[in-house]
Chemist: 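This is the structure, below, for whatever I ask next.
In what follows, chains carry the letters A, B, and so on, assigned in the order in which the sequence lines appear, proteins first and then strands, with residues in each chain numbered from 1.
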Number of protein chains: 2
Amino acid sequence: MTTKNKILDAAEKLFADKGFNGTSLREITSQAEVNLAAVNYHFGSKKELIKAVMSRYMNELSPRLESALITICNEEKQPTLVEVFSAFVEPLLALNQFKENGTSNFLQLLGRGYTDSQGFLRWFLTTRYPVVIDSFITAVHKAYPELSTEEMFWRLHFTMGTIVFTMSSSDALMDIAKNDFNKNIDIAGVIKQVIPYVAAGVGAPIR
Amino acid sequence: MTTKNKILDAAEKLFADKGFNGTSLREITSQAEVNLAAVNYHFGSKKELIKAVMSRYMNELSPRLESALITICNEEKQPTLVEVFSAFVEPLLALNQFKENGTSNFLQLLGRGYTDSQGFLRWFLTTRYPVVIDSFITAVHKAYPELSTEEMFWRLHFTMGTIVFTMSSSDALMDIAKNDFNKNIDIAGVIKQVIPYVAAGVGAPIR
DNA sequence: AGTCAGTTTAAACATGCGTTTAAAATACCG
DNA sequence: CGGTATTTTAAACGCATGTTTAAACTGACT
């Protein structure tokens, strides 16, 4: 286990739990049991560390997601919106084999990135992984061609909000669900719950 | 204009823009043109200031919202989900008469409160204004009785996410919409866009 | 005019932050 | 083994934060 990876692992969990702004380098390095200065030595700055944490996941996720979406785009038949959103499931859950609690951690990080840090992570992701976004939009358009570009813009952002918010507070939600309904739901369960919701939202009738 | 109100006004705008953690007391007091120590003198602490900012809006909003929802609950006919969510529109837009940009500011604050500050604001709101939440749940149940308590729980949280995320980044979204579609959309426009989305999401078929 | 509670003020305080430094330790290689 | 490059370390730096202090000011009421 290298120092660099110890830092990445500790940072990932703390960032997911408490946000980027809410986590100090001192927390990270003491959890990782490395020296404080190691972060700046290995990554240069806290901002670069954040990028490194996100990149580790994106590089794992984006090829799978990309090919799943492109497959849908190239098929003959018109997909349903549920099918489009279901394309995310396998690539997302594959992160659990890549790393323990990978799916949950990644989605929480994504949520943090959109609300912490004044949108710099949004810029980072959209400029670094544009193909994923484009093929997703194409797939949605194929499933619901009547949706205008503008309405699609809004509905996809609503969807982003649904996912991101749900995931950044998924720990709290799963706790409540356990107390109130005596059901142990995991991240895969949450994902399966949310797909019909966002598919119906995006597919809502126009006007 | 009292010192207390000058602080509340400045804090409200800054909190909405940059989050609670992202705004310092020095920014607030210099924008409000009062002394730094005035915050602690009048409010006790930053945390109490946050509560005061939120309470000013909630006390304006909650009676209207409560009565609108209770009206729906007491009507003979079964409401549609769109009608239930539309009950929020008038009370929310009324905040614009209460204060310039009131609707937008309040919704952004709400968004911040759910992601900043480790959920203490969520606790504050749910314990201080339980009637609003209860009557909302009752109204949704009346509109879609087949939805189990558990599924309702998840879908309402998804909805919360949609609203909260959209609103906390609504400035950025409205900017993009202006650039890409040459359309000047305001907060009322966003609200009207989101209602069909969340209504369809909550109303999605079960299983 | 004098008193006194309420308010405002400048200054300081303690703490925590990200980052930098320079020396010590370790690893690598001819 | 010797020397060079890499990595780790403790300490400090400069800065920003929320909060506290104690003195100065304000405006009513007797």
Chemist: C:dT8 C1' sits how many Å from B:I7 CD1, rounded?
Modeler: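 Result: 11 Å.
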Chemist: Restricting to nitrogen or oxygen on both sides, can you table the protein-nucleotides 18-24 of chain D pairs closer than 3.5 Å?
Modeler:
unit_1	atom_1	unit_2	atom_2	d
D:dG18	OP1	B:K46	NZ	2.8
D:dG18	OP2	B:L25	N	2.8
D:dG18	N7	B:R26	NH1	2.8
D:dG18	O6	B:R26	NH2	2.9
D:dT19	OP2	B:N40	OD1	3.2
D:dT19	OP2	B:K46	N	3.0

Chemist: Can you tell me how the ring of A:F106 sits relative to the ring of A:Y57, calling it parallel under 30°, perpendicular over 60° and tilted otherwise?
Modeler: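 Answer is tilted, since the angle falls between 30° and 60°.
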Chemist: Would you kindly give the CE-to-C1' distance between A:M1 and D:dT7, to the nearest whole Å?
Modeler: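 Spelled out: CE on A:M1 to C1' on D:dT7 is 17 Å.
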Chemist: Please report, rounded to the nearest Å, how far the P atom of D:dT8 is from the CG atom of A:N35.
Modeler: 9 Å
Chemist: Kindly calculate the angle separating the two end axes of the helix from C:dA1-D:dT30 to C:dG30-D:dC1, each obtained from five base pairs, and round it to 10 degrees.
Modeler: 10°
Chemist: Looking at C:dG6, I'd like to know if its phosphate oxygens (OP1 or OP2) sit under 4.0 Å from a side-chain N or O belonging to B:H42.
Modeler: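 Result: no.
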Chemist: Is the shortest side-chain N/O distance from A:T3 to OP1 or OP2 of D:dT8 below 4.0 Å?
Modeler: yes
Chemist: Between atom CZ in A:F43 and atom P in C:dT19, what is the gap in whole Å?
Modeler: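 Result: 13 Å.
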Chemist: Look at the aromatic rings of A:W154 and A:F158 and report parallel, tilted or perpendicular, splitting at 30° and 60°.
Modeler: tilted
Chemist: Under 4.0 Å between a Lys/Arg side-chain N and an Asp/Glu carboxylate O for A:E33 and A:K6?
Modeler: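 Answer for the salt bridge query: no.
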Chemist: Look at A:R64 together with A:E90 and state whether they make a salt bridge at an N to O cut-off of under 4.0 Å.
Modeler: yes
Chemist: Write down the distance between NZ (B:K4) and P (C:dT8), rounded to a whole number of angstrom.
Modeler: 11 Å
Chemist: Evaluate the criterion ring pair (Phe, Tyr, Trp, His ring centres under 6.0 Å) for residue pair B:F20 and B:F15; output intermediate values, then yes/no.
Modeler: CA-CA 5 Å; B:F20 300 115; B:F15 283 155; 4.9 Å; yes
Chemist: Assess the residue pair A:Y197 and B:T159 against the criterion (side chain to side chain donor-acceptor pair (under 3.5 Å)); give the C-alpha distance rounded to whole Å, side-chain angles, the decisive distance to 0.1 Å, and a yes or no.
Modeler: CA-CA 9 Å; A:Y197 180 96; B:T159 301; 2.7 Å; yes
Chemist: Are A:K99 and A:E60 close enough for a salt bridge, meaning some N to O gap below 4.0 Å?
Modeler: no
Chemist: Does a side-chain N-to-carboxylate-O contact under 4.0 Å join A:R56 and A:D9?
Modeler: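 The answer is yes: the pair qualifies as a salt bridge.
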